[in-house]
Amino acid sequence: MTIKMEISLVGIESKEVFDANSAIWHGNNYELLDLNFPVLFDPKKIDSNRNDLLRYRHFLPIENYNDFVSFSEGFTPLIKIKFSSGLIANIKLDFLFPTGSYKDRGSMVLMSKIGSLGLKKITQDSSGNAGASVAAYAAKAGINCEVFLPFETPNSKVAQIRAYNASVNKVNGNRKETAAIAFEAAKSNYYASHSFNPFFFQGTKTFAYEVMEQQNWKTPDAVVLPAGNGTLLIGCYIGFTEMFKSGVISKIPKLIAIQSENCAPLAQLQKNALFNMQSFVTTDTIAEGIAIPNPVRAKQMIEAIEGSLGEIITVTESEIINAWKEMAAMGYLIEPTSAATIAGLLKYGLGSNQTENLVSLFSGTGLKSMDKIQKMI
Ligand SMILES: *Cc1c(COP(=O)(O)O)cnc(C)c1O
């Protein structure tokens with residue numbers, strides 16, 4: 001089954017257009033690319049026989065059904081949780097994905113695309129979860145995967161990536177230096193980067209689709225999301241915008257972006273109104289998964305926040321640990337990075353009107369971070 005699609009790759013500043021069916025991952029002078037893929041979202045086209053991401057396949061940029069590389073992932077439950085502060089929010093259980101984080105949304109589409117291009121080798125870099133996710137899908141698709149990781153990556157995450165037979169390169173440096181080295185390596189390969197490659201965001205947009213379906217097409221007032229590289233933030237903005245432009249929803253929810261106070265380039269960027277990411281001072285945070293000092297799509301992250309009338313909230317280490325403890329005490333073992341988003345949700349809830357319909361998520365499972373958790377308890 002093949003669907004004919006109107007689709008192209010476009011340089012984000014130059015607007016130069018490239019064939020989306022060629023194996024390119026950058027424009028001239030390594031410019032970042034976006035995907036031009038106009039989706040007419042129609043709820044009647046959802047395949048309700050599937051309880052996974054393939055229910056949205058008519059809105060995904062994969063033309064041939066047989067190209068999908070899938071673990072029957074996604075369509076995660078949306079549950080109501082009442083927090084100790086009294087705040088009530090709807091939480092997507094995205095820690096139930098096959099590799100333990102929502103990154104599988106993006107990897108499913110990205111790796112399906114890469115498989116359809118006939119590529120046999122890819123390069124990735126990650127603070128852990130994206131590497132594990134891409135590596136799992138590469139294993140399923142029979143594609144060789146090399147992953148660059150910062151020196152501080154927890155052993156359990158390194159082991160998970162190795163388990164999927166990816167080759168692991170630990171870089172003697174931080175997240176930013178790791179990305180630079182992976183970028184060089186990818187020049188003679190294909191860069192399956194969750195932040196750089198626009199196909200990844202075509203998978204993360206399914207979060208917005210699921211929320212709308214599960215809320216019976218009632219748009220939330222605010223969606224509280226992590227903001228490291230912004231793969232979910234930008235993906236959600238794409239998804240909600242598609243539904244809005246297609247006339248399926250009448251407003252876009254406020255997108256609330258959560259950063260760790262110890263690594264908050266967006267918050268600093270907004271204060272300084274400058275797109276110069278070089279000089280940010282950051283320190284370690286227990287939320288290593290959102291510790292991204294220089295997100296390559298910072299400008300689009302700000303657009304998603306401002307375009308949705310959302311805001312940026314930063315959380316301290318103790319707020320993250322308290323949120324983690326509260327969730328664990330309720331029986332939800334989430335990753336410390338994931339607790340940063342919940343800490344942000346609680347902080348947002350303090351100032352907000354309790355009649356707001358709030359959505360957030362558990363982005364990753366605590367089983368990935370038992371070494372850190374051991375120290376916390
Ligand atoms: C990747 C990740 C995040 C942050 O997502 P970004 O796309 O970098 O903004 C948050 N939580 C978990 C568990 C993650 O794996």
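In each ligand, atom 1 is the first atom listed, and ligand 1 is the first ligand listed. All heavy atoms count here, side chains included; hydrogens, waters and symmetry mates do not.
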Does an N or O from Asn229, backbone or side chain, lie closer than 3.5 Å to an N or O of ligand 1? yes

Any N or O of Lys103 that comes nearer than 3.5 Å to an N or O of ligand 1? yes

Got more than 12 heavy atoms from elsewhere within 6.0 Å of CG, Asn29? no

Evaluate Gly230 for polar contact with ligand 1, using N/O atom pairs at a separation under 3.5 Å. yes

For ligand 1, find out whether one of its N or O atoms is nearer than 3.5 Å to an N or O atom of Glu335. no

Lys325 atom NZ, over 12 foreign heavy atoms within 6.0 Å: no

What protein heavy atom sits nearest atom 5 (O) of ligand 1, and how far off is it? Tyr102 OH, 2.7 Å

Could you tell me whether Ser195 approaches ligand 1 through its side chain, its backbone, both or neither, with non-hydrogen atoms closer than 4.0 Å? neither

Test side chain to side chain donor-acceptor pair (under 3.5 Å) applied to Ser72 and Ser70, step by step: CA-CA 5 Å; Ser72 286; Ser70 160; 4.5 Å; no

So for atom NZ, which belongs to Lys120, do other residues, nucleotides or ligands contribute more than 12 heavy atoms lying within a distance under 6.0 Å? yes

Closest to atom 15 (O) of ligand 1 (heavy atoms only, candidates Ile334, Thr341, Asn129, Leu233) is Asn129

Less than 6.0 angstrom from the centroid, inside 45 degrees of the normal: does Lys140 satisfy that with respect to the ring of Phe71? yes

re atom 4 (C) of ligand 1, the protein heavy-atom contact at minimum distance is Ile290 CG2, 3.4 Å

May I ask you to check whether Tyr102 and Phe95 place their ring centres under 6.0 Å from each other? no

Short list, please: which atoms of ligand 1 are under 4.0 Å from a heavy atom of Pro226? 4 (C), 9 (O), 10 (C)

With backbone taken as N, CA, C and O and side chain as the heavy atoms from C-beta onward, which portion of Ser363 lies under 4.0 Å from ligand 1: side chain, backbone, both, or neither? both

Number the atoms of ligand 1 from 1 as they appear, then name those within less than 4.0 Å of a heavy atom of Ala227, with their elements. 9 (O)

Find all atoms of ligand 1 within a distance of less than 4.0 Å from any non-hydrogen atom belonging to Thr337, and give their numbers and elements. 10 (C), 11 (N), 12 (C)

Could you tell me which atoms of ligand 1, counted from 1 in the order shown, lie closer than 4.0 angstrom to a heavy atom of Thr231? 6 (P), 7 (O), 9 (O)

Taking atom types as modelled, is there a side-chain donor on Glu73 or Tyr137 under 3.5 Å from an acceptor on the other? yes

Can you sort out which atoms of ligand 1 are near Gly364, meaning under 4.0 Å from one of its heavy atoms? 13 (C)

Ring centroids only, cut at 6.0 angstrom: are Trp25 and Phe18 within range, meaning strictly under it? no

Hey, is ligand 1 close enough to Gly228 that some N/O pair sits below 3.5 Å? yes

Which heavy-atom pair separates Arg105 from Phe97 by the least distance, and what is that distance? CG-CZ, 3.4 Å

Is it the case that Arg175 and Ser127 place a side-chain donor and acceptor less than 3.5 Å from each other? no

